[in-house]
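One structure is given here, and the rest of the page talks about it.
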There are 2 protein chains.
Amino acid sequence: MTARASSKTSESSDKVSVICRALRRAIIEQALEPGAKLPEDSLGERFGVSRTIARHALGQLAAEGLVELRRNRIAVVATPSWQEARDAFDIRIELERLVVRQLAGKLTKAQIAELNAHVDAEDRARGGTDAMSIRLATEFHILLAHMTNSPILVRYVSEVAYRCCLTLSLYSRPHSTECAINEHRAIISALAKGDETKVMDLMRHHLDSVANRALVAPTPQRGRDLLDILAPYADEVTSDRVVKLPKVARR
Amino acid sequence: MTARASSKTSESSDKVSVICRALRRAIIEQALEPGAKLPEDSLGERFGVSRTIARHALGQLAAEGLVELRRNRIAVVATPSWQEARDAFDIRIELERLVVRQLAGKLTKAQIAELNAHVDAEDRARGGTDAMSIRLATEFHILLAHMTNSPILVRYVSEVAYRCCLTLSLYSRPHSTECAINEHRAIISALAKGDETKVMDLMRHHLDSVANRALVAPTPQRGRDLLDILAPYADEVTSDRVVKLPKVARR
DNA sequence: GGACACCAAACTGCATGCAATTGGAGCGCG
DNA sequence: CGCGCTCCAATTGCATGCAGTTTGGTGTCC
């Protein structure tokens, strides 16, 4: 047995879905940074639809956790806390281990070729922008999920992967994608060999290292946002005159 | 260390959210069976809002997988296939194992009391309707997820648990909830003891047995919907005159 | 009696309009 | 110069209206 009966899960071609896809992509490519404002009017105007539709799209993206929606306030691209980012990665690890567990030894030659082709594309894109590298790497994982032919699994893996993308733009330093690509290759080969436990371990370590490379511990321990972030500056303030705050990535 | 800093995740009090909650509950209590029609007008009228709002709510529920939305067609309560149900349970197992892994040995006395109180409630409700038993059992799992203080985990566990609920109304026979209750108690005690691997195993077996009790293999192997379901009836039709079909739960 | 064309009711897809809320500029005061 | 107040433009929350699509029922013809 190679794979399950197919099933169509593709998003329909509503105007709403179109906008969702566009925004999703803009977000994961970091064209829209976390915290960026998303007024319904502007969105509607930009996409040539009414506010009603833009609003609906924002609702969907909020349900996916990519957008934050507060009553009577402008929607913004989600700004996950460091802890939320870590949680997302933890969940992602378990979900993707499930993916490769289901896939180990069950892939057709064509599917393996497809995966290799994708990694080749990642390789070729190494010269390109960071954003593209991140997108391609994420799409590799989503491609894997698709091969399980489990719509639910695809949905959750996609969602959580996008959320992780989002956190990369927040907490990541410019990073080298090379090892990630090698790890992708290793996963493919273990999948082809059908070594279930091996591939599950590979996936865990792969995602763990991505997470660790990305989520450089921000505030030592899981304190609450503002207070802890401001603590060191507060020290300076009380100890001496106010010093010019160092420019910090903001939004 | 006992638990993380709190964080508010509660759904806001939009009219949309109100309708979502109401429908969600109606669905998991099986007041709305899978396949039930949900016209925007009727919903709006029933809840005293415009179609716009009802529509938006349906969109949200569709994003959660509780409702199926097809272009230009009346929305219906989702009718997951048997395979999708199985997939949902597989995902649920991994997610909830993650929950108890994070929780093992980290619960306060108060939290353990809360859990025990909930199971007591489940016990007391044994005389009540099946729907209520199912709801309470589901809420036990969601309560656990809440204690991780990870909003993302709460969201995914809730969603997937609701989806599993949905499948229970489709494929389950009237079942005894007693063992489930005992298993809940066992999980609590293992959590309190802090035995991580034990509680993860308990959770796996608990959910597995729920799934197995519920998902009585429907069509021997994972065939496609209609054809296999109709096969036996087709036999009768071709072999003799058309016989009156036995009344089968429909909608 | 059965297949087919057609039509009206029901319903969805979407835009627009109006009321309510927000946040920020401007202004006055200490 | 900082603090608080007022007021207005920007923006959201929601209902309604119109156009297009689907559904199901009726009549007609074979």
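Chain letters run A, B, ... following the sequence lines, proteins first, then strands; residues in each count from 1. Here the structure is a predicted model, which is why all the values come from computation and not from measurement.
Rounded to an integer number of Å, the gap from L38(A) CG to dT11(D) C1' is 13 Å. A straight line from CG of D14(A) to C1' of dC14(C) spans 11 Å, rounded to a whole angstrom. In this structure, E45(A) atom CD and dT16(C) atom C1' are separated by 15 Å, rounded to whole Å. For the pair D41(A) CG and dT16(C) C1', the computed distance is 12 Å after rounding to whole Å. Whole-Å rounding puts the L43(A) CG to dA10(D) C1' distance at 15 Å. As a whole-Å value, the separation of E40(B) CD from dT21(D) P is 17 Å. Counting to the nearest Å, the P atom of dT12(D) and the NZ atom of K37(A) are 10 Å from each other. For the pair I74(B) CD1 and dG13(C) P, the interatomic distance rounds to 11 Å; values are reported in whole Å.
Listed by chain and residue number, H184(A) satisfy the ring-ring contact (aromatic ring centres under 6.0 Å, His included) test with F140(A) (two or more places apart in sequence, or in another chain). Listed by chain and number, the residues in a side-chain contact (heavy atoms from CB on, under 4.5 Å) with E94(B) are E94(A), L98(A), R101(A), R97(B), R204(B) (sequence neighbours excluded). Annotation: side-chain hydrogen bond (donor to acceptor under 3.5 Å, both in side chains) contacts of R73(B) (sequence neighbours excluded): none. Applying the ring-ring contact (aromatic ring centres under 6.0 Å, His included) rule to F89(B) yields no partners; only residues at least two apart in sequence or on another chain are considered. Under the side-chain contact (heavy atoms from CB on, under 4.5 Å) criterion, A54(A) pairs with L43(A), sequence neighbours left out. Under the salt bridge (charged side-chain N to carboxylate O under 4.0 Å, His left out) criterion, R92(B) pairs with E96(B), not counting sequence neighbours. Remark: S42(A) pairs with P39(A) by the side-chain contact (heavy atoms from CB on, under 4.5 Å) rule, at least two apart or across chains.
Between M132(A) and E29(A) there is no side-chain heavy-atom pair separated by less than 4.5 Å.
Shown for residues 49-59 of chain B: residues whose heavy atoms fall under 4.0 angstrom of DNA chain D, namely V49(B), S50(B), R51(B), T52(B), I53(B).
One finds a salt bridge joining E64(A) and R24(A) here, because a Lys/Arg side-chain nitrogen approaches an Asp/Glu carboxylate oxygen to under 4.0 Å.
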Could I get a table of every N or O pair under 3.5 Å where one atom is in the protein and the other is in nucleotides 20-23 of chain C?
| unit_1 | atom_1 | unit_2 | atom_2 | d |
| --- | --- | --- | --- | --- |
| dT21(C) | O3' | N72(A) | ND2 | 3.4 |
| dG23(C) | OP1 | R73(A) | NE | 2.2 |
| dG23(C) | OP1 | R73(A) | NH2 | 3.3 |
| dG23(C) | OP2 | R73(A) | NH2 | 3.3 |

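Comparing atom distances between the K15(B) side chain and each of dA15(D), dT12(C), dC14(C) picks out dA15(D) as nearest.
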